[in-house]
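Notes to accompany the following structure.
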Amino acid sequence: RGSPERVDIGYLLAAAFLFGDMDMFVANTLALILHYKGPYLEFLDDEITNLLEERRTGMRAELSQLLINGKNAGCSCGWGKTCSDTYTLLLSEYGPLKMLEVPLSDIIKKMEKVSYEDMERTWHVGNPRGYYREARETFPGKLKTMKKKASICLDCVRSSDAATPCRFQHE
């Protein structure tokens, strides 16, 4: 038998599905994707299980890419080097195979601790001062987008046709 949290989420997910509560269904599927590291086969039907696995795998890949980008984005200045070094450590701690062993929420918590106070400052070689301001999406913004993309709505489950649009905005 599963842990109480997983069983409770399974019941909430089933209730949301039966009552057609889109927001509750999305919230609970996202909770499973972020906080549960084990297989979903034990407590859900194949259709939802496949979607959960697919979305969690996609989110793992996106988090890995963010770690790689964070590692490679640093320059030799204080903030850039510190940020890059932090991402390098996180990448060594959460490589592709190690990422399978922990809930995604643990990785996200550690990534959220990286300082973003000067995230918009980007190195530009052609600028005599070295830096210029550029509007970029920060990690919290990217994370919000990733969560929306990974979310599973009732329309995703009920429709086997990928061409059928969802009422929930995934992106």
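- In this structure the side chain of Met111 never reaches within 4.5 angstrom of the side chain of Leu143, judged on heavy atoms.
- Heavy-atom minimum distance, Ala16 versus Phe25: CB-N, 3.6 Å.
- Atom CG of Leu13 and atom CG of Asp21 lie 11.0 Å apart (nearest 0.5 Å).
- When all heavy atoms of Cys156 and Ile152 are compared, the closest pair comes out as CB-CG2, 4.0 Å.
- In this structure, Leu91 CG and Asn69 CG are separated by 10.5 Å, a value rounded to the nearest 0.5 Å.
- Tested against Arg56 for a side chain to side chain contact (heavy atoms under 4.5 Å, CB included), the candidates Met59, Glu54, Glu53 yield a single pass: Glu53.
- Atom CG of Leu12 and atom CG of Leu32 lie 10.0 Å apart (nearest 0.5 Å).
- Here the straight-line distance linking atom CG of Asp85 with atom CG of Leu90 works out to 11.0 Å at 0.5 Å rounding.
- A 4.5 Å side-chain heavy-atom check between Leu63 and Met146 finds at least one atom pair inside the cut-off.
- Hydrophobic clustering (ILVMFWY, side-chain heavy atoms < 4.5 Å, transitive): Ile68 and Tyr87 are in one cluster.
- Of all non-hydrogen atoms in Arg55 and Ser151, the two that sit nearest each other are NH1-O, 2.5 Å.
- The distance from atom CG of Asn28 to atom CG of Asp23, rounded to the nearest 0.5 Å, is 11.0 Å.
- If you chain together hydrophobic residues whose side chains sit under 4.5 Å apart, Met24 and Ile33 never meet in one group.
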I would like to know whether Asp155 and Met22 meet side-chain contact (heavy atoms from CB on, under 4.5 Å); could you show each step before the answer?
CA-CA 9 Å; Asp155 295 337; Met22 180 78 78; 3.8 Å; yes
Going through the distances and angles, do Lys110 and Tyr94 end up as a side-chain contact (heavy atoms from CB on, under 4.5 Å)?
CA-CA 10 Å; Lys110 288 193 177 180; Tyr94 296 114; 3.4 Å; yes
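- The cluster map of Ile, Leu, Val, Met, Phe, Trp and Tyr, joined by side-chain heavy atoms under 4.5 Å apart, puts Leu154 and Leu30 in the same cluster.
- Counting all heavy atoms, side chain and backbone alike, Phe17 lies closest to Val157 at CE1-CG1, 3.7 Å.
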Identify all side-chain donor-acceptor contacts of residues 95-107 below 3.5 Å with residues at least two apart in sequence or on another chain.
unit_1 : atom_1 : unit_2 : atom_2 : d
Lys98  : NZ     : Ser92  : O      : 3.2
Ser105 : OG     : Leu34  : O      : 3.2
Ser105 : OG     : His35  : ND1    : 3.0

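- Not one N or O on the side chain of Ser84 forms a donor-acceptor pair closer than 3.5 Å with the backbone of Asn72.
- Atom NZ in Lys147 sits 13.0 Å away from atom CD in Glu62 (nearest 0.5 Å).
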